[in-house]
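Everything on this sheet refers to the single structure shown next.
Sequential numbering from 1 along the given sequence is applied to the chain's residues. Counting convention: from 1, in listed order, for ligands and their atoms alike. Any value given below was found using the heavy atoms of this structure, including those in side chains, with hydrogens, waters and symmetry copies removed.
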Amino acid sequence: MATTKPPLTLLIAAPRGFCAGVDRAIRIVELALERYGAPVYVRHEIVHNKYVVDGLKARGAVFVPELDQVPDGVPVVFSAHGVPKAVPAKAAARGLNYLDATCPLVSKVHRQAERLIEQGRHILFIGHAGHPEVIGTFGQVPEGRMTLIETAEDAETVAPADPDTLAFLTQTTLSVDDTAEIIAVLKRRFPTIRAPKSEDICYATSNRQAAVKDIAGRCDAVLVIGAPNSSNSVRLVEVARREGARSMLVGRGADVDFDWLEGVRTLGITAGASAPEVLVREVVARIAERFDVHEEPVEGVEERMVFKLPAGLEAA
Ligand code: SF4
């Protein structure tokens, strides 16, 4: 006798998944493979997603943590998160053919950091220790000219040598709400601190957080498709929880925990900026094995951002 599956309403956030910076970074590796043939080396995961990395590995990309592991004479791509200045300098000194897949929105923060240092400012950088983007941005300025602020508590206790020549910048993939709180503390403590001309948290991060906020209040639980080392994906879990929904991160369909879905009637789904849409459909298909799913349409802002490829690859 056929068993009846329990009903489950799905609200799939919009926008979600790939951003323009991730799209561009993956395309750079693909074009490098087409143009130069395998192997193409990539310093760090090009984007924080195992599915994407495995797909590129299968086509001949070789991922290494450091430039030292790149043999002479092969092309190397730098990841979307950006790299310290020393990395391209070292690649150039070795005569390596390198392609920089740093997201233009991360590069924008790098250039701001350089300018602020030229103007004699000390930078308070809001971000997460150890994230490649933070390492890359710190690597744009001389040592000691930038201080990491991870929390509102750090903002309360930081003791800069000259409180009147400060500026702040932020990582692009932070929590919009947490960052606003940290900035409020900095502005209260250091009224002359210089703010970036425009928000450093990128459009994709802000849009995905707003989209998950929009659905989370109507959901019992929210699944975020993304990797644990993907900053913007982890932030989406936090945003959903703050809105009162249970939330967890899943890499792909096989990771769906049906015990966790017990009692859920309305499930939200979203994907971090480095998670492809194919994984969203895979998760939905997996859930549909046990539930009678009904997808409710969700309206969201339309994203039209497209970044140019590095010179030299466009005509490939
Ligand atoms: Fe660029 Fe934002 Fe995407 Fe990061 S999340 S690659 S900063 S668009």
Problem - Contacting atoms of ligand 1, where contact means under 4.0 angstrom from a heavy atom of Y203 - result: 8 (S)
Practice task
Answer yes when R304 and E302 have at least one side-chain N-carboxylate O distance shorter than 4.0 Å, and no when they do not.
Solution key: yes
Practice task
Please report the C-alpha distance between V284 and E295 in whole Å, then the side-chain angles of each, then the deciding distance to 0.1 Å, and finally whether the side chain to side chain contact (heavy atoms under 4.5 Å, CB included) criterion is met.
Solution key: CA-CA 9 Å; V284 172; E295 282 183 44; 3.7 Å; yes
Practice task
Consider only side-chain heavy atoms of I, L, V, M, F, W and Y, link residues closer than 4.5 Å, and tell whether V53 and L279 are in one cluster.
Solution key: no
Handout entry: Cluster overlap L236 with L267, hydrophobic side-chain contacts below 4.5 Å
Key = no
Practice task
Only pairs at least two apart or in different chains count here, so list each ring-ring contact (aromatic ring centres under 6.0 Å, His included) that has a residue in residues 69-114.
Solution key: H48-H81, F78-Y98, H81-H131
Handout entry: Modelled atom types, side-chain donor and acceptor of Q209 and D177, under 3.5 Å
Key = no
Problem - Residue and atom names of protein N/O/S atoms that fall under 2.8 Å from atom 1 (Fe) of ligand 1 - result: C103 SG
